[in-house]
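Lettering follows sequence order; numbering is per chain, from 1.
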Amino acid sequence: MGVTLKKLAREIGCELHGDSDCIVSAVGTLQNAGMGQVSFLANAKYRHYLKTTQASAVIVWPQDLPLSRTNALVSNNPYLAFAKAARLLNPEPQVVAGVHATAVVEGDAVVDPTASIGAHCYIGAGSFIGSGVVIGPGCVVEHGVSMGANSRLVARVTLCHDVCIGANVLIHPGVVVGGDGFGIANDGGHWIKVPQLGSVVIGDDVEIGANTTIDRGALEDTVIEEGVKLDNQIQVAHNVRIGAHTAIAGCAAIAGSTTIGKRCQIGGAVGIVGHLFIADDVHITAMSLVTGNITHAGVFSSGIAAQPRSEWVRNAARVRQLNEIAQRLRGLEKRLDEE
Amino acid sequence: MGVTLKKLAREIGCELHGDSDCIVSAVGTLQNAGMGQVSFLANAKYRHYLKTTQASAVIVWPQDLPLSRTNALVSNNPYLAFAKAARLLNPEPQVVAGVHATAVVEGDAVVDPTASIGAHCYIGAGSFIGSGVVIGPGCVVEHGVSMGANSRLVARVTLCHDVCIGANVLIHPGVVVGGDGFGIANDGGHWIKVPQLGSVVIGDDVEIGANTTIDRGALEDTVIEEGVKLDNQIQVAHNVRIGAHTAIAGCAAIAGSTTIGKRCQIGGAVGIVGHLFIADDVHITAMSLVTGNITHAGVFSSGIAAQPRSEWVRNAARVRQLNEIAQRLRGLEKRLDEE
Amino acid sequence: MGVTLKKLAREIGCELHGDSDCIVSAVGTLQNAGMGQVSFLANAKYRHYLKTTQASAVIVWPQDLPLSRTNALVSNNPYLAFAKAARLLNPEPQVVAGVHATAVVEGDAVVDPTASIGAHCYIGAGSFIGSGVVIGPGCVVEHGVSMGANSRLVARVTLCHDVCIGANVLIHPGVVVGGDGFGIANDGGHWIKVPQLGSVVIGDDVEIGANTTIDRGALEDTVIEEGVKLDNQIQVAHNVRIGAHTAIAGCAAIAGSTTIGKRCQIGGAVGIVGHLFIADDVHITAMSLVTGNITHAGVFSSGIAAQPRSEWVRNAARVRQLNEIAQRLRGLEKRLDEE
């Protein structure tokens, strides 16, 4: 099942320095990889392991080549080259096509014969399941859904009615796509539900992490463009649009009708309020709160790092007096200017 | 399937200005609605679309009537009127009563003959499923649960044992009601579980968003009063009480034994610590942290808006020195006073 | 079903003051407990209820004994003693062993004959389900999983392939263990998935709250050591290690490759960034953000408490000018020093 370094280098686009006939069959970390394993160095923090690694080959930046004591695969993007090596040596398992005996497929749903529908799945009326799709155990696909070729629901995913999933989409357990948006109108102190009549459209090559929720639009659709990568437990509200190739880390929350640009990177637990516009190529660091439009690329933050509580308690109390402090400072400045 | 504007105006409580015989059959946004569609203006930001909309009718505030170039339905609450119009033109689909062949209903559970139990559902012993209830595919209802008339579990919902759900309650996929509260007692460095012996009581007309969790009480019940609206991924800990007609946005977290008043509005990702009392009619803005009682109505905040990282890094460092800064300011004031 | 106070005192390690023959059969709160019920006082806030409680017995600290007007069980850890009393009077319900007729168990999975597999469960190939394990309805256990003795999946839990669960582990509904970590490599503006080849190892006596997600490692395993207690909706990213007997409250998020020590207490909605080291016995208060290593025990914070919005708006604006304010203060100090 192994591959020569010569072949591996060609497949993952690296320049090989060392034994081209050496065979590797697995990947591992610098610390723990052994014979027959290929590792990589992408985070400078771990550079010292280059000296001691037992890996049969390492993928490195050109500047780290002199430090390598084993076969080296040189790349300008070692992490990417490693990702390709890891996939090459660990191909996706083959899945047997067909509908499990315990699955329920409503009469007028269309399931491609090359698709696989797992145990205890439900496929609603009028849904279309494309070629090579894999739906793991316990998924619910309501009526009118379409799933493009080679997409996969790992297990226990819910796709609500009429959502549209592109090709090569990967959705992890517990995800809910197309739940009702949070639309309520106040009627003299009581709330009346606003019917959520839009849907969700998910582009090709999107990945969605465990227990993330993406609400359907109120009138028009919530849209996740191609190549977007969402981590776990993210909340995407109704009528949000997330631009192509944007990546969002776990527990971020995006309120209704906000548009996020392409190639953005949103950190963990970031909150973005509703009806905003975020430009392309914006980075937002962990636990920041975004309350206004961001009209140009750049890095934005508002998280405050923890400190020992005894110090923090005093500082936090002052934050709540900060306007008064600033006014007193202005007063002193005036006093000195007038002297 | 359409309705005349005359009839629509009467049903949704608007004053009609325009062609009373015009027929509408759908709703849409000002930007995209066309012939036969009714739209609305509730957010001033979108007022300019009034000039160009192709909708057959628009629901507007009285002051916007002069700007309308099509049939107008005048209301003092256009969003509410729109909600009613949207429901009228999009009635809930009828569901066929009965228990799906793949559902498991324990012997002594009682399912009303007008209820609908979907594929792969489990209904535990002693549970009571009321008239008109709809339980979608893949739901688990443990033993001793009761569900009031016309409530609905969309799909893949879990109701743990003995929880009590009112009438007209709507629960979205992935919700867990009645999981154990986080009760642990320290025994010399190890944690011992405190049995969670209370339950959860949910009032009428409550809506609960996808993947929200509501824990059962330790000794007494966690209570969600009537008309409460919860968005997605909210965490409600044991023995919380949420007052009637309160609305809470996504990803908020409420720690144990806190009581929230009636008609409150809690923003997204707000954190409220345990054992607090929040009065009626309190609004809390997004990503605020509440650490003390709030004894009167009003709006409360503590979220800080993101700014360019290069500026933020310098400001955030100063936050952690703020007590010292305040003391230095006081020192200067003294020095000047003593001169 | 009751027990004498004499027996109860012995079982839960308390000193009895009062009627040793009095029989109790249930637990309750000081406010609402009645005859035959035992209550406790652990939170000083509720001390005044000691005077009016109708409980047949109360568990109290030695110093509260004089205030007690009923039978007293004296303990140096009343909450722990109460936890034991509650369990004694409310034993776990017995579960019938066997595989439900609607469950699917793949051919080469091994299910101990004393285990119970609920309705609509799926147990994948090569999995091992130990003695006394209880798997509630609607769970998915993929291939190659192992579950130690007496562990329990309440309902609708997902264990992804090859994860390893210890003994006496309790996992609540909606939890996902072993979903793919968020590993992506950038390829000229597009993201390429990094295969997640590690697994998750969960020690004995761990409890995991509803809808929490624990990702599998990229190359090596994500590890939750013995006795860890996780509340609801926590996100644990790939290759995190959580030390033994650490407790984490709801909605906390821990980014990839961070190591948390033993006996830590992490508050609700705390965010911890990736690749950090947190020492043993660290406490972090609610909604703090941790961005650097914490190398010694102690309490750490960065959350800011909400205040009335009109005040907050002014203070928050100043936070964003804080570096300039500090510089102006320094300027004044210099001016005065130079005079």
Side-chain angles (χ1 to χ4, degrees), chain A residues 102 104 120 122 138 140 142 156 158 160 174 176 179-180 182 184-187 189-195 197 211 213 215 219-220 233 235 237 251 253 255 271 273 275 284-285 288-292 298-302 304-305 307 311 314-315 317-319 321-322 325 328-329 332 335-336, chain B residues 27-29 32 43 45 77 79-80 82-84 86-87 90 100 102 118-120 136-138 154-156 170 172-174 207 209-211 227 229 231-233 245 247 249-251 263 268-269 286-287 303-309 312-313 316 319-323 325-326 329 332-333 336:
Chain A
T102 60
V104 172
H120 309 118
Y122 175 82
V140 172
E142 292 187 345
R156 272 187 54 241
T158 306
C160 295
V176 180
D180 278 353
F182 195 54
I184 51 177
N186 203 286
D187 187 7
H190 294 206
W191 297 103
I192 300 295
K193 182 177 179 68
V194 180
L197 305 169
N211 282 357
T213 52
D215 279 350
L219 286 170
E220 299 179 359
Q233 296 199 43
Q235 153 68 357
C251 304
V273 308
H275 296 272
I284 304 174
T285 62
S288 299
L289 168 63
V290 179
T291 64
V299 186
F300 297 81
S301 302
S302 69
I304 298 179
Q307 65 180 168
E311 297 166 41
R314 285 192 289 264
N315 291 325
R318 298 297 190 181
V319 170
Q321 307 160 350
L322 197 47
I325 288 172
R328 282 163 50 203
L329 177 65
L332 281 191
R335 245 166 105 176
L336 277 169
Chain B
V27 290
T29 60
N32 294 328
N43 183 338
K45 210 166 163 174
N77 191 341
Y79 191 48
L80 174 62
F82 170 75
K84 291 177 179 174
R87 178 50 76 222
N90 298 276
H100 193 278
T102 59
H120 309 117
V154 173
R156 273 186 52 242
L170 174 57
H172 291 284
E207 181 167 353
N211 283 357
K229 306 295 176 182
D231 195 359
N232 296 356
Q233 296 198 43
H245 311 296
C251 303
R263 299 173 304 277
M287 263 178 114
I304 298 179
Q307 64 180 169
R309 181 155 184 79
W312 176 251
V313 166
V319 170
R320 293 160 51 118
Q321 307 161 349
L322 197 46
N323 188 49
I325 288 172
L329 177 64
L332 282 191
E333 287 170 338
L336 278 169

Taking C-beta and beyond as the side chain, do [X] and [Y] meet within less than 4.5 Å on heavy atoms?
| X | Y | result |
| --- | --- | --- |
| B:Arg309 | A:Phe300 | no |
| B:Leu80 | A:Asn186 | no |
| A:Val273 | B:Met287 | no |
| B:Leu336 | A:Leu336 | yes |
| A:Val194 | B:Phe82 | yes |
| B:Thr102 | A:Thr102 | no |

Let's test your reading of the structure: which of [options] forms the most heavy-atom pairs below 4.5 Å with chain A?
| options | value |
| --- | --- |
| B:Ala306, B:Pro308, B:Ala83 | B:Ala306 |
| B:Ala316, B:Ala286, B:Ala210 | B:Ala210 |
| B:Gly28, B:Gly227, B:Gly174, B:Gly138 | B:Gly28 |
| B:Val154, B:Thr29, B:Val27 | B:Thr29 |
| B:Ala247, B:Gly250, B:Gly118 | B:Ala247 |

Largest heavy-atom contact set with chain B, pairs under 4.5 Å, which of [options]:
| options | value |
| --- | --- |
| A:Pro195, A:Gly179, A:Gly298 | A:Pro195 |
| A:Val319, A:Thr213, A:Thr291 | A:Thr213 |
| A:Asn315, A:Val140, A:Leu332 | A:Asn315 |
| A:Ala305, A:Ala253, A:Gly271, A:Ala255 | A:Ala305 |

How far does [atom1] of [X] sit from [atom2] of [Y], to the nearest 0.5 angstrom?
| X | Y | atom1 | atom2 | answer |
| --- | --- | --- | --- | --- |
| B:Glu207 | A:Lys193 | CD | NZ | 3.5 Å |
| B:Asn211 | A:Gln235 | CG | CD | 9.5 Å |
| A:Trp191 | B:Arg263 | CH2 | CZ | 11.5 Å |

Quiz prompt | Ion pair check, B:Glu333 and A:Arg328, cut-off under 4.0 Å | solution = yes
Exercise. Kindly write out the residues that satisfy side chain to side chain contact (heavy atoms under 4.5 Å, CB included) with A:Arg318, not counting sequence neighbours, or none if the list is empty.
Key: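 Partners of A:Arg318 by the side chain to side chain contact (heavy atoms under 4.5 Å, CB included) criterion, ordered by chain and then number, come out as A:Gln321, A:Ile325, B:Leu322, B:Asn323, B:Ala326, B:Gln327.
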Practice problem: Could you tell me which residues satisfy side chain to side chain contact (heavy atoms under 4.5 Å, CB included) with A:His190, sequence neighbours excluded, listed by chain and number? | Solution: B:His245
Side chain, backbone, both or neither: which part of [X] has a heavy atom under 4.5 Å from chain B?
| X | result |
| --- | --- |
| A:Ser288 | both |
| A:Glu311 | neither |
| A:Cys160 | side chain |
| A:Leu219 | side chain |
| A:Ile184 | both |
| A:Arg335 | side chain |
| A:Ala237 | neither |

Self-check item: Donor-acceptor pair between B:Asn77 and A:Asp187 side chains, under 3.5 angstrom
Solution: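 No, no side-chain donor-acceptor contact under 3.5 Å.
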Quiz item: Is there a donor in the side chain of B:Gln307 and an acceptor in the side chain of A:Ser301, or the other way round, less than 3.5 Å apart?
Solution: no
Heavy atoms only: give me the nearest [X]-[Y] pair and the separation to one decimal.
| X | Y | answer |
| --- | --- | --- |
| A:Val104 | B:Ala119 | CG2-CB, 4.2 Å |
| B:Arg156 | A:Arg156 | CZ-O, 2.9 Å |
| B:Ile304 | A:Ser302 | O-OG, 2.9 Å |

Exercise. With a 4.5 angstrom heavy-atom cut-off, could you sort out which part of B:Asn90 is near chain A: side chain, backbone, both or neither?
Key: side chain
Quiz item: Where does B:Ala269 contact chain A at under 4.5 Å (heavy atoms): side chain, backbone, both or neither?
Solution: neither
